2 protein chains.
Amino acid sequence: MSKKKIKDASKKVFPHGEDLEGASQNVLIIGAGLCGSLLALRLGQKGYNVNVYEMRPDLRKVDISAGRSINLAFSDRGNKAMKLVGLEDKVKQLCIPMHGRMIHDTHGNIFQSNYSGRANEYINSISRGGLNALLLDEAEKHKNVNIYFNKKCKSVNFEKTTARFKDYNTKDEFVEDADIIIGTDGAGSAMRKSYYLSKKFLFSFSQAYLTHGYKELAILPKENGDYKIHKNALHIWPRGNFMLIALPNLDGSFTVTLFLSYDEGEYNFNNLKSEESVLEFFRNEFPDALAVMPNLVEDFFANPTSPLGTIKCSPWHYKGNTLLIGDAAHAIVPFYGQGMNASFEDVVEFDSILDKYKGNWETVFSEYEKTRKKDTDAIADLAIDNFHEMKDHVANPIFQEKRKIEMALEKNFPNHYSSKYSLVTFNEDMGYREAMLKGRAQDKAILNMLSDGEITSSGNLETILKKVKEATEAILEDDRIAGLK
Amino acid sequence: MSKKKIKDASKKVFPHGEDLEGASQNVLIIGAGLCGSLLALRLGQKGYNVNVYEMRPDLRKVDISAGRSINLAFSDRGNKAMKLVGLEDKVKQLCIPMHGRMIHDTHGNIFQSNYSGRANEYINSISRGGLNALLLDEAEKHKNVNIYFNKKCKSVNFEKTTARFKDYNTKDEFVEDADIIIGTDGAGSAMRKSYYLSKKFLFSFSQAYLTHGYKELAILPKENGDYKIHKNALHIWPRGNFMLIALPNLDGSFTVTLFLSYDEGEYNFNNLKSEESVLEFFRNEFPDALAVMPNLVEDFFANPTSPLGTIKCSPWHYKGNTLLIGDAAHAIVPFYGQGMNASFEDVVEFDSILDKYKGNWETVFSEYEKTRKKDTDAIADLAIDNFHEMKDHVANPIFQEKRKIEMALEKNFPNHYSSKYSLVTFNEDMGYREAMLKGRAQDKAILNMLSDGEITSSGNLETILKKVKEATEAILEDDRIAGLK
């Protein structure tokens, strides 16, 4: 790699019709994962001189998927970002639509619970590697974007706006400076650690782990390449205190994830130590999954068990020098399928605030945090709620009754009702926080009216819609009066 | 200090009627503040061999109050601990009863809002140093308790159950071992840092700062030693975005605390840099306080500005080797006057669980966390709520109307109604979490019924009590059905 100071970068060529707002500004991005490569692409489109440093090898050349989620849920908020950078069509080719949850009971019975009553609302399974490679390719088409691999960030000096890296090839350490540095280096962010350890300002920070961890497994394709179970769904085996899920891949396989307590319950990660115990666990709990997973035992002992953590922090920036975006600022658990979507939406929000205040990085950074943090806090909390909903509530009669009513309302009044799931997933013009408040109030209204016998899933839908809207408003109003948020 | 291994401690004499359960067990306590000295006393009473290491000098010999709160609110949960160790009467002599909040407006008008409608329910102002000295004296009466000062804990090896200290006198570092080590070393706990930094287990941790900091000031006594403002109240000057409070001391003075944003609003800690600006701020906002604070400017620039943070973490223990208690496990902001009381209640809870499971430290520690953490999480959240209530709501008409009704209910139905404040402060047999849930539901019920005109403060009290109870139950039931906590 070039060791020249990036501030000395000579004039760039802008063949893609960029405006030249950023031509004199050097932006250093730490991390070329999904968020970092999208941000590099967008800032490249705007004409900034962008240098990206990534600790891993180039995933387009080396298979580095081991131990990481190899597919992800992609939905409307993420797509909003793809539209922004002009990649909607290319990304669509990587997507497998999932119309609902396919729920498997212990007897092998299945039933599908759609994500929405509107046929055009569904989520997608997408390959992390495939999407990341596309974003890297598109970013590198810009001459003003350079991406360097195998360079691990060790620390950031946020007062001098410099970052220290270790080159994994040469083992050398070196320091780079820039006009601004943006950390998109994920849940283990080196920049965030520098904020935490410096004690030069009050840094609020939390890391919260669930009692459960996860392990990735696989359902391989049939010999002819076909899918062994229904392709267009997110499969769930909910078991109260633990669950298994499966998302389809383009090659006919499914990535399967087991979510299980580390140390509680009859079966847990700490006591599943023998082949026999793993097989017994799956025979008892997931017999139909076991039937399509001859590779179970091998995968189980080859793949790591990983923790499930939520990270929040504030401030996200130091003056106008450095900024955290994506998982580096707000890592969440995967249960709402919103991790990548939230990070992509970060870039959309940042882009719009940059347009508004360009030329003043400190204002851009502080306004960005002010408008965005309430929403990333909300999706973090929603994702934890959904952990409980997925492993437990989806198999609970009153929650099923609620879903039934909501599906009918969405189908019959497509312009007048959206469930919490729809508000969060398919209403990309409403922030996560507003979606959470409205969605939770709706849930509370419906569950209480079902419990009181005030509505039933066989009742008149127009009457139900009216009652749900009134009860939801009353709940929100009562909370407002009590000073609750 | 003795450098002998405390495991070799020779047989002890137990002149105070202790039972001998702990005679063969060596307990190392880090920190001889309020919580550590109380715990040392209690474990001393139970016969354990207790060694306490404190980083500060002995406060009975050296004045080390500079920059720390010199008085605190002491109430029923704290008193429960004093009863446990037989010190209720001695502590009472250190207390100044405060029957309510004395609220000062910007014109110098005052009105008192009592803490309870029951005359026997009040809180107390107590000297931190005086109470700490008493607990140290009482602990040291036990031959099996030794307290060492000027020994700063650097780290804890929780697998080997050893702690490394630096002796501030000799500058030497040394390592001590024990059967168990308990960290009562406050918000900046060295043991908690060892948990965090080790990465040997999943450690959930949060530090959250308010936008406001605080600074201690003083109202000195009159020349004849009398109090310049009413002695038996907690004085508050609520101003929406900031506030001043004052608590009495036995010597006729008041400790005054200014709570103010670091950087927002017309006046803030970052811009109050000149004598004139400080005087202008007080002349505009706190004229009656300024009139009794001729020492204001001197104090303002001599005393530090300190942050207001909440710390939560989990687990509090590592196997059966080490345990965090008090602020080390759960530091909270001061606005409910419960910081010390919560830490003292920790000792009461720990003591009772120790009786139940003694002989098995791992079970003692994990059961203690299981029963206690929900309550310390609750008081942390309640304390932040009260920050907003004190600086803002106490001057808000609908909140004043609510307080008026609650005072009347408590006075007229002393056995049938307790406000949230009373549940938290005076109902020491109900845990903080239950008090929070019930108290918040009551507040919501009363505020909504006031807002809807369903009740007024001039209505029939018996009817109001019935309505409040019914509405509270309905709120709690709705939350239960919706799966909210």
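Computed from a prediction, not measured in an experiment: that's the story for all the values here. Letters go in sequence order (proteins before strands), and every chain restarts at 1.
Taking the side chain as every heavy atom from C-beta outward, B:Ile481 and A:Lys444 never approach each other to under 4.5 Å.
For a heavy-atom cut-off of 4.5 Å, chain A lies close to B:Leu447, B:Asn448, B:Ser451 in residues 446-456 of chain B. Contacts from residues 194-208 of chain A to chain B, taken as heavy-atom pairs separated by less than 4.5 Å, involve A:Tyr196, A:Leu202, A:Phe203, A:Ser204, A:Phe205, A:Ser206, A:Gln207, A:Ala208 in sequence order.
Sparse packing is recorded around NZ of B:Lys438, with 12 or fewer heavy atoms of other residues, nucleotides or ligands lying under 6.0 Å away. Applying the 6.0 Å contact sphere to NZ of B:Lys402 captures more than 12 heavy atoms from other residues, nucleotides or ligands. More than 12 heavy atoms of other shown residues, nucleotides or ligands fall within 6.0 angstrom of atom NZ in A:Lys373. By the 6.0 Å contact criterion, NZ on B:Lys374 is enclosed, its count of non-hydrogen atoms from other residues, nucleotides or ligands being greater than 12.
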